[in-house]
Protein chains: 2
Amino acid sequence: MTSSSELENAALQAAKFERVREAHKTEVAEDYVELIDDLINVNGEARVVELAERMGVSHATVNKIVGRLQREGLVVSRPYRSIFLTDEGREMAVEARRRHEIVVKFLKAAGVSPETAEIDAEGIEHHVSDETLDCLSALTGKIEI
Amino acid sequence: MTSSSELENAALQAAKFERVREAHKTEVAEDYVELIDDLINVNGEARVVELAERMGVSHATVNKIVGRLQREGLVVSRPYRSIFLTDEGREMAVEARRRHEIVVKFLKAAGVSPETAEIDAEGIEHHVSDETLDCLSALTGKIEI
DNA sequence: CTGAATTTGTAGCCATGGCTACATTTATTG
DNA sequence: CAATAAATGTAGCCATGGCTACAAATTCAG
């Protein structure tokens, strides 16, 4: 149905790509928000330097992105102070971590090495619908038995 | 290991995000090259209008991206003519389709509806390592039995 | 074969997320 | 407490991938 011999409906196909582009917009936000939450939980605060180090990016880039997150109401930050999550940001972090963990668990259960599972999950988690997430959970249970 | 109570090594974590960013760069190329290959196989040629329609994007955007693909040696195009793949482009298309199909098959086998499977696969396929791909194939076989 | 429709190209705008370089503020230490 | 170190902020650059608007070429009708 996908490709090869027959071409699917153009509008449907366009909708899929549209969806992927949409997901990309929230990916960065999810990753940052989740990391900020982790840092707050473990270190007691989230600072620009550590975000930069853990994201593998310059502090200038972090600043820019934190600015956007603040505009979008996910984060609160005052100059030269550490970064906090809004309620909305915290919700997003929780949800992101939930997805992440489901995907990682599934991959490991499927026989993927822990290292690869972590790496692939980082890319996959943002593109998994609730429906698929449920199926992965269920499958993880079955495999483990 | 991922998050919650303990923070993993910063360099490792950075490497993962680095990897995801890297994948993003090739995503667009893979999607276009695969679609171009499909169009050539089915319609005999790939034209800008149809790429635009199927990607859900303006023709100006397609033009810009095709320009990049040509700079990168994946595609050949002359003004006002249809678009062709280079050998490298064709290889990328074949590989992309292979991944796509493995992911879709797996998702369907896992109980995801065909529509959702197609949608999610579009986002997932670019972030799945060879190791994971092998595990998904194997798992698909087991589930089907 | 000419005129209209379609397709393609191009220019110029925008936001994002990279970067370096430099400025400023905060923290540390002698 | 002053001087240095570290962290943060800001400016300005780049490429990407969106867009609209307009220009040019090609195709299709009549």
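All chains are named by letter (A, B, ...) in the order of the sequence lines, taking the proteins before the strands, and each is independently numbered beginning at 1. It should be emphasised that the depicted structure is a prediction, and the values quoted were computed from it without experimental measurement.
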Residue mapping more 5' on DNA chain C - nearest nucleotide basis, Gly56(A) or Arg81(A): Gly56(A)
Within one Ile-Leu-Val-Met-Phe-Trp-Tyr cluster: Val57(A) and Val33(A), side-chain cutoff 4.5 Å: yes
Partners meeting salt bridge (charged side-chain N to carboxylate O under 4.0 Å, His left out) with Arg99(A) (sequence neighbours left out): Glu95(A), Asp130(A)
Neighbour count above 12 (heavy atom, 6.0 Å) for Arg21(B) CZ: yes
Of Glu50(A) and His59(B), the one whose closest DNA chain D nucleotide lies more 5': Glu50(A)
Sugar-phosphate only, base, or nothing, as touched by Val62(A) at under 4.0 Å among non-hydrogen atoms: nothing
Tyr80(B) OH to dA25(D) C1', straight-line distance once rounded to whole Å: 4 Å
Sidechain N-carboxylate O distance under 4.0 Å for Glu72(A), Lys25(A): no
Outermost nucleotides of DNA chain C that come under 4.0 Å of a non-hydrogen atom of chain A: dT16(C) to dT26(C)
Sequence neighbours excluded, every pair satisfying ring-ring contact (aromatic ring centres under 6.0 Å, His included) that has a member inside residues 53-83 of chain B: none
With Asp37(B) via salt bridge (charged side-chain N to carboxylate O under 4.0 Å, His left out) - residues at least two apart: Arg97(B)
Proximity to DNA chain D (any heavy atom under 4.0 Å), residues of residues 63-75 of chain B only: Lys64(B), Ile65(B), Arg68(B), Arg71(B)
For Tyr32(A), all residues meeting ring pair (Phe, Tyr, Trp, His ring centres under 6.0 Å), sequence neighbours excluded: none
Mutual orientation of the aromatic rings belonging to His127(A) and His127(B) [parallel < 30°, tilted 30-60°, perpendicular > 60°]: parallel
